[in-house]
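Indexing begins at 1, ligand by ligand and atom by atom, following the structure's order. Here the structure is a predicted model, which means the values were calculated and not measured. The first residue of the sequence shown is numbered 1, and numbering continues consecutively from there.
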Amino acid sequence: MGRFGQRFAWVASVLILLATLGSPQGTRAGEEPKLALTPPMGWNSWNHFGCKVTDAVVRAAADAMVSTGMKDVGYQYVNIDDCWQGTRDAEGNIRGNERFPDMKALADYVHSKGLKFGLYSSPGPKTCAGFEGSYGHEEQDARTYAQWGVDFLKYDWCSGDQVYRQNEADTKAAYQKMHEALQSTGRPIVFSLCYSAYRVWRWGASVGGNLWRTTGDITDDYNQMWINGTQQNGLEKYAGPGHWNDPDMLEIGNQKLTEYEPRTQMSLWSILAAPLIAGNDLTTMTKETLAALTNPDVIAVDQDPAGIQGQRISQEGPLEVWMKPLADGSKAVGLFNSGNYDMQVTADFSQMGISGPASVRVLWPRRQLGHFRSSFTAIVPRHGAVMIGVSTKQ
Ligand code: GLA
């Protein structure tokens with residue numbers, strides 16, 4: 001190789017190195033991008049706005065995600081749920097409806113804030129709210145999403161039953177089809193399966209799912225939230241970096257979670273390594289709602305790099321203790337009370353695999369409590385949670 005050749009080889013290898021560093025999430029060319037290495041965090045229009053979502057609502061949510069500091073603690077995706085679709089054009093390309101006149105411009109706006117942009121569709125001919133689904137247009141829709149700059153797709157079964165036989169193999173094939181369509185665009189797009197039949201947690205990752213719904217719809221109601229969250233117990237082995245169980249979105253800041261209930265959802269979801277997708281109006285939320293959504297210690301539990309989903313370690317009637325092992329060897333522990341009266345709850349260190357004394361800090365409000373010999377006891381308010389970090393390190 002002559003001097004020119006050597007210099008060319010040197011320049012080429014620097015370019016390859018730069019391309020590798022600059023590619024999504026640091027992957028090498030040709031390798032599959034590693035998406036959702038920690039549970040996705042963001043906002044979705046459905047729980048608060050339903051079908052009243054508009055371009056202006058989404059822009060305002062993106063603005064608020066930045067101005068409130070939510071972006072700084074990790075919220076990233078701005079996702080439009082159902083009801084954005086209009087008709088297809090003569091070539092079959094999907095278009096936004098009158099509330100979304102220019103989806104590409106909207107995606108650009110969200111990206112200009114340093115955030116990511118998500119959409120919703122269905123494998124069937126219609127979405128759950130009766131809008132245009134992706135059936136028969138999967139590759140075309142995936143290409144359109146990639147052109148618009150979509151980073152996250154929630155794919156909701158709904159009318160899939162009208163066109164696919166109702167069995168596990170055909171359901172998987174329908175999800176696999178969209179996964180392949182998304183992949184062939186070359187754009188990294190988080191794939192969110194909105195489907196909870198046929199034990200989706202067993203196969204969601206095998207059809208490219210980064211998260212999958214494990215329950216029916218959450219509602220703005222403590223009891224429904226508690227059922228969705230606690231039903232994750234036993235599913236922990238199916239969760240991990242890149243593939244998460246999804247007990248549905250947050251209801252914090254909507255009308256009916258009151259007093260300690262918002263903290264309870266946030267604490268339980270974090271111990272579950274669940275996606276943290278806010279579902280309230282970010283532009284009008286109270287200080288208390290914002291504080292519940294943005295406690296950095298609680299978010300750090302959810303986003304722990306080990307990606308281990310926590311589990312219940314004890315239960316006595318309405319009193320439960322849940323534990324999540326963290327990457328640094330410490331444990332995040334939630335003491336919960338789903339009863340109607342304030343009650344004392346004890347977390348035994350032996351049930352966490354800890355023998356001997358350990359230091360305890362409370363996460364709401366953030367405070368070191370010192371060393372405890374073999375257990376930790378607290379009064380937990382009705383529908384409330386006390387969340388602690390337990391560490392044997394000096
Ligand atoms: C289903 C989903 C919800 C929401 C609606 C939209 O019910 O489970 O999360 O996406 O459809 O129609």
Is Arg213 salt-bridged to Asp248, cutoff N-O under 4.0 Å? yes
Quick check: Trp212 with Trp157 (ring centres under 6.0 Å apart)? no
Nearest heavy atom to atom 10 (O) of ligand 1, choosing from Asp81, Thr215, Ile277, Asp82, belongs to Asp81
Sub-4.0 Å heavy-atom approach of Asp217 to ligand 1: yes
Any side-chain donor-acceptor pair under 3.5 Å between Asn254 and His48? yes
Got an N/O contact under 3.5 Å between Asp248 and ligand 1? no
Taking only heavy atoms of Lys154 into account, list the atoms of ligand 1 that are under 4.0 Å away from them. 3 (C), 4 (C), 9 (O), 10 (O)
Atom 11 (O) of ligand 1: closest protein heavy atom, distance to 0.1 Å, is Asp156 OD2, 2.9 Å
With a 6.0 Å cut-off on the ring centroids, do Tyr260 and His383 count as close? no
Just jot down the ligand 1 atoms closer than 4.0 angstrom to any heavy atom of Trp46, in number order. 4 (C), 5 (C), 6 (C), 12 (O)
Check the pair Lys256, Glu251 against salt bridge (charged side-chain N to carboxylate O under 4.0 Å, His left out), reporting the backbone distance first and the verdict last. CA-CA 8 Å; Lys256 298 202 183 112; Glu251 288 284 6; over 6 Å; no
Could you tell me, atom by atom, which parts of ligand 1 come under 4.0 Å of a heavy atom of Cys128? 1 (C), 11 (O), 12 (O)
Which atoms of ligand 1 sit under 4.0 Å from any heavy atom of Ala129? 12 (O)
Below a 4.0 angstrom heavy-atom separation, can you tell me which part of Cys194, side chain or backbone, both or neither, approaches ligand 1? side chain
Can we say Arg95 and Asp102 salt-bridge, meaning some charged N sits less than 4.0 Å from an Asp/Glu carboxylate O? no
For Trp226 and Gln224, run side-chain hydrogen bond (donor to acceptor under 3.5 Å, both in side chains): C-alpha distance rounded to whole Å, both residues' side-chain angles, the deciding distance at 0.1 Å, then the answer. CA-CA 5 Å; Trp226 186 245; Gln224 188 60 54; over 6 Å; no
